[in-house]
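Written below as structure tokens is the structure these notes are about.
Chain A is the first sequence line, chain B the second, and so forth, proteins listed ahead of strands; every chain is numbered from 1.
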Amino acid sequence: MRYEFKTIDKKWQKRWEEAHAFEAQSDRSKPKYYALVEFPYPSGEGLHIGHPRPYTAMDIIARKKRMQGYNVLFPIGWDAFGLPTENYAIKHKVHPADVTRKNIAHFTEQIKALGLSFDWSREINTSDPSYYKWTQWIFLQLFKRGLAYKKEMAVNFCTSCKVVLANEEVVGGVCERCGSEVVRKIKSQWMLKITDYAQRLIDDLEGLDFIERVKAQEINWIGRSEGAEVRFATTAGDDVVVYTTRPDTLFGATYMVIAPEHELVARWKERLANAGEVEAYQKEAARKSDFERTELVKEKTGVRLEGISAINPVNGKEIPIFISDYVLATYGTGAIMAVPAHDTRDWEFAKKFGLPIVEVVAGGDVENEAFTDVETGKLVNSSFLNGLEVKEAKAKIIEWLTEKGLGVRKVNYKLRDWVFSRQRYWGEPVPLVYCEKCGWVPLPEESLPLTLPEVEHYEPTDTGESPLAKNEAWVNTTCPHCGGPAKRETDTMPNWAGSSWYFLRYCDPHNNGALASKEALDYWMPVDWYNGGMEHVTLHLLYSRFWAKFLYDIGVLSCKEPYQKRTAHGMILGENGEKMSKSRGNVINPEVVIADYGADGLRLYEMFIGDFEKSAPWSQASIKGCKRFLDRVAGLTDLIRGEGVTPSLEASFHKTIKKVTEDIDAMKFNTAIAAMMALVNEIYEAGTLTRNEMKTLITLLCPFAPHLAEELNEYLGETTLLSLAPWPTYDEAKTKDERVEIAVQIGGKLRGTVSVAASASREEMLDAAKADPKIKELLQGKTIVKEIAVPVKLVNFVVR
RNA sequence: GCGGGUGUGGUGGAAUGGCAGACACGUUGGUCUUAGGAACCAAUGGGCAACCGUGCAGGUUCGAAUCCUGUCACCCGCACCA
């Protein structure tokens, strides 16, 4: 048969749709399998060549599970709120909803052209009021339980998008989306207390099947550290609490540093001999963005608070207090005890300001550099801690501090609360009103959704207020609590809100009475396998795990973790090995590839391109090999003779079924395809195969190249969909060859091969090797010291 | 600095203690063709050879791309987090 992909692709896509072939079934007695891909943001750019890689991979997994008898949920939807759409709407003066609708239509067409087995009956859209009703509902539950709160704070403000960004959205000091400068601004923001879940977000990773780098990156981001808070008295009367991970070095604390924003600085102003200098430094620090502050890593700056000292609680010594921007107000207590002998930063600062460096852990040369090793070295100059190892000293000093009421063991996290407000139009409205009498009041749940009102302009204001603030008719409302006048919150939710729970909606997408029914959630959740990009590990993955845990706490979900397994795909790079981008001119358009090689050609190549988890450069030349393979599979129809088993191919078939089955589960798609290619090569060498062998081959191929597989299935006279046929099984015993070539080594070096029965004993293998004329000659006159025989693999003679 | 990862032919990549380079691309030669950016056949790590080859240097082992020690280079994430 000739492979005419242009007609075949469309024909089968239509058949699958008409048959509702890939819709998840309501029969909950069957074992379920929930395969999930990250739903796309429907940008105006259309589908990128990178999208089909994870989609096809999970499609292969979903298709195989379906063929293995599972009730499979493999859904798709749209992460439709977002800045690019809003920016486009502003520029072209169209409603963001219209832009979104158009983009989704384009994406849908492109995705359908790939022949992915998505269940389109469960399609969702985060900007649909029937969806964001439940995003708002979840927010209200968070609010009611004190996990959403409003806070005046310094935030990251993008000068171009005119919007507040979460810490996670600031990359290298610039806006993650547009690359513009980010500055600090004081704003009142809605915050979500993700920090309450920090420990659980670490602990519950255990037992999950997440790839190592995802786990490591999440743990690293949460940034747990163990130490102690220690209270220092001051000559000003107020105490200062510092956080340290090295309480063992307390005797070496020769000065103290507090953050420029620390509240005590303002309180002490009148007592300072150099108040002017201190104030100037505070102003300078406040002006700088986070990026500028961290960029000036080379040189430490700071100002001493003249006239006030702290008192080291262990030895009563007075030590100077500085303010410096190397201490962050937002971490720990915003104050540190400085131990220059054993902390690199403190050491640099001490050298610059001529402060004393007192060694308290022996083992380094503290005049030349800080000695930070905690494994070796014993405590010195530390009274009752002398002679102890660091670990012992830590325990002992904490015990001592606790007894005296001077300190306490303390755990800190780098993770900060989630800034949940955006001063933008195209997002979920926050369902709260502000009443002068009652404060922030939630809207009644039955009034949800609070829909986005029409506005004339979508531009954010220069003051950083949301465009919604200009719509007075909408803003002014009544308080649901007291009935008095109230104003609506005009900030909207961030893009991450809708994507933090979308996988739950898929379980029951048309439910009007709940975000999903308990029965549906209990059956489908957790997601069995979720694949996505590494760029979402510290954002989407962490946020959605947090929401899932919250929903677990309030009884909506029955599982503590939403995803049982998480993998990540590598990027597809341009032919030159660089990231694909318009500006580099190395972008490949999936539509063009499909036009030239068919959907199956693209699918197969994206899976064959290399290790799924690693980036790989696109190659216009290599894709031809995949197309050639599909042509060769189609051409096999000429070789079909009868039914049954072709003896010379039997073992190869069993081996290939085994290999493909196992490789799909391990995401080793490239080697699975290689195995099928090798089998096809063998069949051509044999020059013949049976009808049922052909059927086995196309069944194996079906998850990878479903259109061609279905067409060949029809060619074989079948009338039912191959996509729903049972997955082939293999007989382990038949995957083994009867005779095998084994390697013969002398002194570990390959000297020849001999053919033996696979079941050959040690003696038989050794005898066969010795009987080989070449080996015989090489062993002539040598004394064999040792003989090694590994069944099916090799024999090795160690000689003298 | 901390955390994770990678290093193998001309190229993408196989092989996780047992015949390095599966499978594919490319290249070379050939067949068929009016033609070929088609198809098919053959060869293809290097070296005339003995031999040499998985970033580099050691080690363990009968045997190492694979395990251990050290080292270099590159990529990703975080980064003044006390």
Side-chain angles (χ1 to χ4, degrees), chain A residues 171-172 211-221 223-225 227 242-247 249 253 257 259 290 293-298 300 324-328 330-339 342-346 348-349 372 412-416 534-535 537-538 568 570-571 575 577 604-605 608-611 613-626 628-629 631-632 635 668 670-681 684 741-753 784-799:
Chain A
V171 177
I211 53 171
E212 194 50 40
R213 55 195 172 125
V214 170
K215 277 193 187 179
Q217 209 164 299
E218 294 234 326
I219 290 168
N220 198 22
W221 183 264
R224 184 183 204 273
S225 75
V242 302
Y243 174 68
T244 179
T245 55
R246 296 291 306 274
T249 62
V257 186
D290 273 349
R293 275 173 77 150
T294 57
E295 199 185 25
L296 298 171
V297 98
K298 313 141 204 162
K300 299 251 180 303
S324 172
D325 62 10
Y326 88 86
V327 171
L328 308 173
T330 49
Y331 183 76
T333 61
I336 63 154
M337 63 178 216
V339 185
H342 305 291
D343 181 280
T344 313
R345 296 150 303 183
D346 297 345
E348 283 169 23
F349 192 88
T372 57
N412 261 319
Y413 304 91
K414 289 190 219 173
L415 184 71
R416 295 176 208 179
M534 280 307 288
E535 70 275 19
V537 169
T538 50
M571 251 193 307
E575 294 228 39
L604 204 68
Y605 178 59
F608 189 63
I609 195 165
D611 185 336
E613 292 194 20
K614 293 191 194 126
S615 321
W618 183 265
S619 165
Q620 205 59 45
S622 292
I623 191 171
K624 281 181 199 162
C626 291
R628 204 171 284 160
F629 167 66
D631 286 334
R632 278 164 67 78
K668 292 166 76 173
N670 53 341
T671 49
I673 294 167
M676 289 187 278
M677 287 173 166
L679 178 62
V680 169
N681 291 345
Y684 270 101
E741 286 259 297
I742 60 165
V744 182
Q745 295 182 343
I746 296 173
K749 290 195 189 277
L750 182 68
R751 287 294 179 253
T753 58
I784 297 173
V785 184
K786 199 173 175 185
E787 292 172 337
I788 290 134
V790 182
V792 196
K793 299 280 184 189
L794 56 54
V795 295
N796 186 13
F797 298 106
V798 185
V799 296

Checklist line | Identified pairing partner of G3(B), criterion: Watson-Crick or G-U wobble below 3.5 Å | finding: C76(B)
Next item on the list: With C1' as the reference atom in both, quote the distance from A50(B) to U54(B) in angstrom, rounded to an integer.
Entry: 23 Å
Check: Which is true for Asn220(A) with a 4.0 Å heavy-atom rule: it touches a base, it touches only sugar-phosphate, or it touches nothing?
Finding: base
Notebook entry, point to check: With both distances under 3.5 Å as the test, what is the Watson-Crick or G-U wobble partner of A50(B)?
Noted result: none
Next item on the list: Classify the nucleic acid contact of Phe797(A) as base, sugar-phosphate or nothing, counting any heavy atom under 4.0 Å across all strands shown.
Entry: nothing
Check: Say you draw a straight line from OG1 of Thr538(A) to CH2 of Trp221(A); how long is it, rounded to the nearest 0.5 Å?
Finding: 5.0 Å
Checklist line | G58(B) and A64(B), which share atom name C1', separated by this distance in whole Å | finding: 14 Å
Item checked: Phosphate contact (A14(B) OP1 or OP2) by Asn670(A) side-chain N/O below 4.0 Å -> yes
Item checked: Atom-pair distance (CD on Glu575(A); P on G26(B)), nearest Å -> 12 Å
Check: Between atom NZ in Lys614(A) and atom P in G4(B), what is the gap in whole Å?
Finding: 17 Å
Next item on the list: Would you mind pulling out the nucleotide paired to U69(B), Watson-Crick or G-U wobble, both distances under 3.5 Å?
Entry: A57(B)
Note to self: Quick one, Thr344(A) with Thr372(A), criterion side-chain contact (heavy atoms from CB on, under 4.5 Å). Give me CA distance, side-chain angles, the key distance, then yes/no.
What the structure shows: CA-CA 8 Å; Thr344(A) 313; Thr372(A) 57; 3.9 Å; yes
Notebook entry, point to check: What integer distance in Å separates Leu604(A):CG from A24(B):C1'?
Noted result: 11 Å
Notebook entry, point to check: Just how far, in rounded Å, is C1' of G13(B) from CE of Met677(A)?
Noted result: 12 Å
Notebook entry, point to check: If we call it a pair only when both distances are under 3.5 Å in a Watson-Crick or G-U wobble match, what pairs with A42(B)?
Noted result: U28(B)
Note to self: Please determine whether any donor N or O and acceptor N or O are separated by less than 3.5 Å between the side chain of Lys793(A) and the base of C19(B).
What the structure shows: no
Margin query: Measuring from atom CE of Met677(A) to atom CG of Leu679(A), what distance do you get when rounded to the nearest 0.5 angstrom?
Written below: 12.0 Å
Note to self: Tell me which nucleotide, if any, is Watson-Crick or G-U wobble paired with G9(B) when both distances must be under 3.5 Å.
What the structure shows: none
Note to self: Return the CG to CG distance between Asn670(A) and Leu604(A), rounded to the nearest 0.5 Å.
What the structure shows: 11.0 Å
Next item on the list: Identify the nucleotide, in any strand shown, that forms a Watson-Crick or G-U wobble pair with G36(B), with both distances under 3.5 Å; if there is none, say none.
Entry: none
Checklist line | Ring-face cation contact, Tyr326(A) with Lys300(A), 6.0 Å cut, 45° max | finding: yes
Notebook entry, point to check: Between atom CG in Leu750(A) and atom P in A65(B), what is the gap in whole Å?
Noted result: 13 Å
Note to self: How would you summarise protein contacts on nucleotides 40-54 of chain B per nucleotide, using B for base, S for sugar-phosphate only and - for none, with heavy-atom distances below 4.0 Å?
What the structure shows: S-----------S--
Check: Going from CG on Asn796(A) to CG on Leu794(A), what distance comes out if it is rounded to the nearest 0.5 angstrom?
Finding: 6.5 Å
Item checked: Complementary nucleotide of G18(B), counting Watson-Crick and G-U pairs under 3.5 Å -> C62(B)
Notebook entry, point to check: OP1, OP2 of A82(B) versus side-chain N and O of Tyr326(A): anything below 4.0 Å?
Noted result: no
Next item on the list: Scan Ser225(A) against the nucleic acid and name what it touches under 4.0 Å (heavy atoms): base, sugar-phosphate only, or nothing.
Entry: sugar-phosphate
Next item on the list: In whole angstrom, give the distance that lies between atom NZ of Lys624(A) and atom C1' of U11(B).
Entry: 14 Å
